[in-house]
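Computed from a predicted model, the values in this text were never measured in an experiment. Just the heavy atoms: all of them, side chains too, but no hydrogens, waters or symmetry mates, feed the values below.
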Amino acid sequence: MHIEEPTTNPLETELSVQHYQSFPESEPLQKGQKDLAKENLDISCQCSQAALQMALIASGLGLWDWNLVTGKTYYDPQWKSILGYELDEIDNEFKSFEQLVHPQDLPRIRQTLHDYLQKSIPVFEVELRMLTKSGEWKWILACGKVFQWDEFGKPLRMAGTHKDITQQKALSEQLQSEITERESSQTQIREKSQQLEITLQKLESTQRELLQNQKMANLGQLVADMANEINNPVSFIYCNLHPASQYAENLIRVIELYQNYYPTPIPVIALHLQRLDLSFVKTDFLKLLWSMRAGSERVKEIVFALRNFSTSDEGQMKKADLHEGLDSVLRILQHRLKEQPDRPRIEIVKDFGELPLIECYPGELNQVFMNILTNAIDTLEEKIQQNYSFAPKIWIHTEIVSSHLSLVNNNQPWVNERRIGKKHKVIIRISDNGKGILPHIQRHIFEPFFTTKPVGKGKGLGLSISRQIIVEKHQGKIKCNSQLDRGTELIVEMQTTTRDYANMRKHAGI
């Protein structure tokens, strides 16, 4: 590929001509004077070229001059030195440049050159790889510009520079690699942070569950002990009220016989009878005994409800009657349901279906019913304060449906009963005609510590714990339906048989 380099390259010729033309015209010189002027001109051109070459070397730039018509290209010594070649080792042809360019970079260079010559971009500038004499590839920054056009606007000559950017490229790649590694490290840190956050949330959930279980266990034991303590004297009173009533009736009968056979008592007895108002005492005493009996019966019902509500599950599931649990909760809440001085009685409408005994944790289900009914009473009391003529009501509806039906999720596909072994689900609906819940609040009601109640009245754990009991411990579902100013409905859905929660945690490795 070697081509003899011309004695004077085009760029040198141009520089010489321009330098020569820069001198002003003078009178004709003698032969000696002409030789002296020519010698001075050659010296000046050599100095200019030397200065240009020194500037190019100092800046690390290699110069090239390309004749687009003939293809002849001048590469200055610095241009060749960058690639490690001697002056006579590279031909002054454009194809010499193309032969040294990396094959993968050549299409991109041609496209950039085409765009520049079509005036789509203002300057020709491209990064490329070129083969050195030692066989290595160097990164080169090539810049150039057309400086000569013909009368038709066609480019004739183009000149530019090459600069070795291999070191900068290596530093850039190293920096990019470090950035990538840092981003990867940050991604790993974020992932670990997210994992730690998830683990922390699980830990907090487990702590809340353990704390709640411990509190409920302590409260249940306390309530059971108090119920037993109350039950003993109340049972004594209740059991003795019946014979006491009979004794009172017999004594009153004896007094009436005395009055019948001895109508005129002595003055002392007559005075005491007048002070005593015997006719009133006879009537009121029996009423008093019957009131005491009714009160003791009420106390016994409350004690029974407390004992039923605080039933110890001992970590095992058992068959239980959900209706008994609901009735127990209603008895405990009777003081909030009855008529108050500032509000009417809250009416309870029960529509209980025929339910079998359900395998469950009875005490925890009672807690769910207590939380739901307490929230219903709270919202009804808030609405009563706004409208005193309002008639508050709570509806409790229970039913049993086939397993392929679901009132909580209507998107489930239909399943043949024969294929599921005729399994059934229990549906419990508890609804009220209170204020209702706004949609954006409804989405958060099952979240821990979320509450709309005033500070000190609610902790925001009731429905969260209820959802945990139904979903996690009984593999059931719980859903809230609400319309503003029309009321709220909580639907609980459970299987009649449920896998034991302790066994589930054991198999899950929790």
Using every non-hydrogen atom in the two residues, find where F124 and I109 come nearest and quote the distance to one decimal.
CE1-O, 4.1 Å
Grab the two heavy atoms, one from T112 and one from E125, that are nearest each other, plus how far apart they are.
CG2-O, 3.9 Å
Any chance you could lay out the side chain to side chain contact (heavy atoms under 4.5 Å, CB included) test for I252 and L286, step after step, and finish with the verdict?
CA-CA 10 Å; I252 291 173; L286 292 177; 4.1 Å; yes
Does the side chain of T488 come under 3.5 Å of the side chain of D432 through a donor N or O and an acceptor N or O?
no
For L100 and L83, what are the C-alpha separation, side-chain angles and deciding distance, and is it a side chain to side chain contact (heavy atoms under 4.5 Å, CB included)?
CA-CA 10 Å; L100 294 174; L83 301 176; 3.9 Å; yes
Let's go through K318 and E359 carefully: what are the C-alpha distance in whole Å and the side-chain angles of both, what is the deciding distance for salt bridge (Lys or Arg N to Asp or Glu O under 4.0 Å) to 0.1 Å, and is it a yes or a no?
CA-CA 5 Å; K318 63 174 74 172; E359 289 186 3; over 6 Å; no
Start with the C-alpha gap between I396 and F352, add the side-chain angles, then the distance that decides, and say whether side chain to side chain contact (heavy atoms under 4.5 Å, CB included) holds.
CA-CA 7 Å; I396 304 176; F352 288 173; 3.6 Å; yes
Could you tell me whether the side chains of T187 and R190 share a donor-acceptor contact shorter than 3.5 Å?
yes
List the steps and the verdict of salt bridge (Lys or Arg N to Asp or Glu O under 4.0 Å) for R336 and D378.
CA-CA 10 Å; R336 296 196 63 188; D378 289 340; 2.7 Å; yes
Does I470 reach the side chain of K477, with side-chain heavy atoms less than 4.5 Å apart?
no
If I take atom CD from residue Q176 and atom CD from residue E173, how far apart are they, to the nearest 0.5 angstrom?
9.5 Å
If you compare all heavy atoms of G487 against all heavy atoms of S482, which two are closest, and at what distance to 0.1 Å?
O-OG, 3.2 Å
Are E489 and K479 within salt-bridge range, i.e. N to O under 4.0 Å?
no
Would you say that L333 contacts M370 through its side chain, given a criterion of any heavy-atom pair below 4.5 Å between the two side chains?
yes
Please examine the side chains of I198 and K202, heavy atoms only from C-beta on, and report whether any two atoms are closer than 4.5 Å.
yes
Parallel, tilted or perpendicular, as decided by the 30° and 60° cut-offs, for the rings of H162 and F97
tilted
Which distance, rounded to the nearest 0.5 Å, do you find between the CD1 of I372 and the CD1 of I430?
4.5 Å
Side-chain ion pair, R108 and D105, N-O less than 4.0 Å
yes
A quick test of your reading: do over 12 heavy atoms of other residues, nucleotides or ligands sit less than 6.0 Å from CZ of R343?
yes
Do you know the tightest heavy-atom contact between N433 and K393?
OD1-N, 3.0 Å
Mark yes or no for whether K163, through its side chain, and I140, through its backbone, hold a donor-acceptor pair below 3.5 Å.
no
List the steps and the verdict of salt bridge (Lys or Arg N to Asp or Glu O under 4.0 Å) for K350 and D327.
CA-CA 10 Å; K350 295 191 292 185; D327 287 334; 3.0 Å; yes
Closer than 3.5 angstrom, by distance alone: can the side chain of Y116 be matched with the main-chain N or O of V146 as a donor-acceptor pair?
yes
Take atom CD in E354; do more than 12 heavy atoms of anything else shown fall under 6.0 Å from it?
no
Shortest non-hydrogen contact from I394 to A376?
CD1-CB, 3.9 Å
Nearest 0.5 Å please: distance from the CH2 atom of W395 over to the CZ atom of R429.
13.0 Å
Would you say W64 and M158 make side-chain contact, with heavy atoms under 4.5 Å?
yes
Within this structure, what is the OG-CD1 distance for the pair S184 and I179, rounded to the nearest 0.5 Å?
13.5 Å
Crowding at NE2, H444 (>12 non-hydrogen neighbours, <6.0 Å)
yes
Taking atom NZ of K319 as the centre, report whether more than 12 heavy atoms of other residues, nucleotides or ligands fall under 6.0 Å from it.
yes
Could you walk me through whether L326 and T398 satisfy the side chain to side chain contact (heavy atoms under 4.5 Å, CB included) test, starting with their C-alpha distance in whole Å, then the side-chain angles of each, then the deciding distance to 0.1 Å, before giving a yes or no?
CA-CA 10 Å; L326 285 166; T398 63; 4.1 Å; yes
The reported gap from NE2 in H323 to CG in L357 (rounded to nearest 0.5 angstrom) is 11.0 Å
Ion pair present between K282 and D277, side-chain N to carboxylate O less than 4.0 angstrom?
no
Using a distance-only test with no angle check, is there a side-chain donor-acceptor pair under 3.5 angstrom linking Q246 and N250?
no
Residue that, paired with I478, satisfies side chain to side chain contact (heavy atoms under 4.5 Å, CB included) out of Q468, R467, M494
R467
For the side chain of Q442 and the backbone of C480, is there at least one donor-acceptor N/O pair under 3.5 Å apart?
yes
Here the gap from N366 atom CG to S328 atom OG, rounded to the nearest 0.5 Å, amounts to 6.0 Å
Looking only at heavy atoms, what is the nearest atom pair of K435 and T379, with distance?
N-OG1, 3.6 Å
